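Structure first, commentary second.
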Amino acid sequence: MTLTGKGRIAGIIGWPVAHSLSPALHGYWLDELGVDGAMVPLAARAEDFSRVIEGVRLAGFRGVNVTVPHKEAAFALAHETRQAARLAGAANLLVFKPDGMIGADNTDAVGLFDSLQDALGGVAIAGKNIVVLGAGGAARGAVYGLQQFGHVAKITVLNRNKERADQLVAHVGKLQPDAVLQTGTFDEWDQAAADAWLVINTTSAGMKGNAPLALDLAPLPQSAAVCDIVYNPLETQLLKDAASRGHVTIDGLGMLMHQAVPSFEAFFGVKPSVTPGLRAALVKVLRERA
Ligand code: ATR
């Protein structure tokens, strides 16, 4: 057991926040690593966000994770920003520095990449063709991360609204001029799927309460893997269909666990590991809530 600090406190701020798995996730690592600390949920309405941040900063919190609807506001109030946060225009991590400065990062992109590496056993993503479904904030992080960390050959972004996909590609392309990025609507699925090595759903379709994407997986090569960043439900309809066709599937819990690693390290001073034990603990929480 390593005792790395006394009474370190961090928060997860959102509205609502009761559904967040962050307290359970960080709590697991705090116990496992014997760190004297806590991760507390902070329910804050949009209009109270900056006051709550100031309050917990002055109270001695090490920082906060940020969830819906505060990610843009968190980015806006930071004094120092990492590239991933600047690209997203949104932060999921604020670190309160001893000199009063607030640093912002966005760990979703690296979280997705590490989750893919983990699930695919470290097989190189470099040089592969990827299809990203969706063009919202989550897609932006995915495209950036795949290119930044994975050096992939080509990313095709398919979205209901093609204009949004074009905007995403234009934005990411400015930071990553070497990226080969294509766009289309779901009408281009058959063509995009034909040479895909990996498909990633970043849309909210398939999330609990939302109808799934009506995608026919037949055009996908048998060897292609399918990832869904949604984790509620853990096995989305897309993943069920993919599994029944024999594709390797990767659920959204992996990204959730991996995106938390840099936050835990920033708050509590020790790098935690993503393990089967952690996954089992979170699956148990999700089951209890279902
Ligand atoms: P986030 O920041 O979580 O990515 P978002 O910015 O609201 O959220 O983006 C949601 C994504 O899911 C978008 O790509 C959206 O498609 P549009 O841009 O065409 O609206 C996509 N999406 C949501 N519901 C969908 C559905 N039923 N079918 C297809 N795409 C859907």
Side-chain angles (χ1 to χ4, degrees), residues 12-17 19-22 46 49 65-76 84-93 104-113 115-116 130-147 155-172 181-190 192-193 196 199-217 226-234 236-242 250-256 258-260:
I12 164 74
I13 186 163
W15 185 270
V17 80
H19 66 285
S20 171
L21 285 177
S22 289
F49 177 73
N65 277 135
V66 183
T67 187
V68 177
H70 303 308
K71 289 187 180 185
E72 283 84 8
F75 176 74
R86 289 198 294 278
L87 174 107
N92 69 347
L93 169 61
D105 199 356
N106 194 314
T107 65
D108 285 339
V110 72
L112 175 64
F113 181 74
S115 150
L116 293 170
I130 319 283
V131 175
V132 171
L133 308 173
R140 199 185 271 207
V143 171
Y144 168 79
L146 288 164
Q147 187 62 36
I155 303 173
T156 305
V157 180
L158 301 183
N159 198 44
R160 199 166 53 172
N161 172 348
K162 181 165 182 294
E163 217 172 292
R164 255 188 121 186
D166 289 338
Q167 284 166 1
L168 183 159
V169 157
H171 185 73
V172 176
L181 305 171
Q182 296 182 348
T183 60
T185 66
F186 293 107
D187 290 343
E188 274 80 46
W189 162 251
D190 286 12
V199 178
I200 305 175
N201 175 46
T202 71
T203 76
S204 44
M207 200 181 279
K208 198 174 174 192
N210 297 349
L213 288 177
L215 272 192
D216 174 11
L217 298 183
V226 179
C227 170
D228 203 326
I229 69 163
V230 169
Y231 62 83
N232 189 14
L234 207 47
T236 58
Q237 191 58 48
L238 176 68
L239 294 188
K240 270 188 195 147
D241 293 348
I250 303 152
D251 65 41
L253 205 48
M255 177 176 165
L256 183 84
H258 281 282
Q259 62 81 32

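Small disclaimer: the values here were computed from a predicted structure and weren't measured. As the structure lists them, so they are numbered: ligands from 1, and atoms in each ligand from 1.
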- Task: Could you find the nearest protein heavy atom to atom 3 (O) of ligand 1 and give me its residue, atom name and distance?
- Result: A138 CB, 4.2 Å
- Using the side chain to side chain contact (heavy atoms under 4.5 Å, CB included) rule, pick out the option among L146, T183, V172, I200 that qualifies with I155. L146
- Item | Side chain to side chain, I12 and T67, heavy atoms closer than 4.5 Å | yes
- Any heavy atom of L213 under 4.0 Å from ligand 1? The part involved is side chain
- Query: Can you name the residues that form a ring pair (Phe, Tyr, Trp, His ring centres under 6.0 Å) with F49, not counting sequence neighbours?
  - Reply: H70
- Query: Who passes ring pair (Phe, Tyr, Trp, His ring centres under 6.0 Å) against Y144, sequence neighbours left out?
  - Reply: none
- Note on the structure: Note: T203, heavy atoms under 4.0 Å from ligand 1, region reported as both
- Item | atom 13 (C) of ligand 1 [closest protein heavy-atom partner, distance rounded to 0.1 Å] | R164 NH1, 3.5 Å
- Nearest neighbour in protein (non-hydrogen) for atom 16 (O) of ligand 1: N159 OD1, 3.2 Å
- Query: In a check of side chain to side chain contact (heavy atoms under 4.5 Å, CB included) between L253 and each of V230, I229, N232, L234, which one passes?
  - Reply: L234
- S204: heavy atom below 4.0 Å from ligand 1, yes or no? yes
- When distances are taken from atom 2 (O) of ligand 1, the protein heavy atom at minimum range is G137 N, 3.1 Å
- Message: With rounding to the nearest 0.5 angstrom, report the CG to NZ distance, N65 to K71.
- Response: 9.5 Å
- Message: I'd like to know if the side chain of N106 reaches the main chain of A90, judged simply by a donor and an acceptor atom lying under 3.5 Å from each other, with no hydrogens or angles considered.
- Response: yes
- Can you list the ligand 1 atoms lying under 4.0 Å from a non-hydrogen atom of G134? 14 (O)
- Message: For atom 31 (C) of ligand 1, tell me which residue out of K162, E163, R160 has the closest non-hydrogen atom.
- Response: R160
- Message: Below 3.5 Å, N or O to N or O, backbone or side chain included: is there any such pair between A211 and ligand 1?
- Response: no
- Item | Nearest-contact summary for atom 9 (O) of ligand 1 - protein heavy atom, Å | G136 CA, 3.5 Å
- Query: Are the side chains of P212 and T236 in touch, meaning some heavy atoms are under 4.5 Å apart?
  - Reply: no
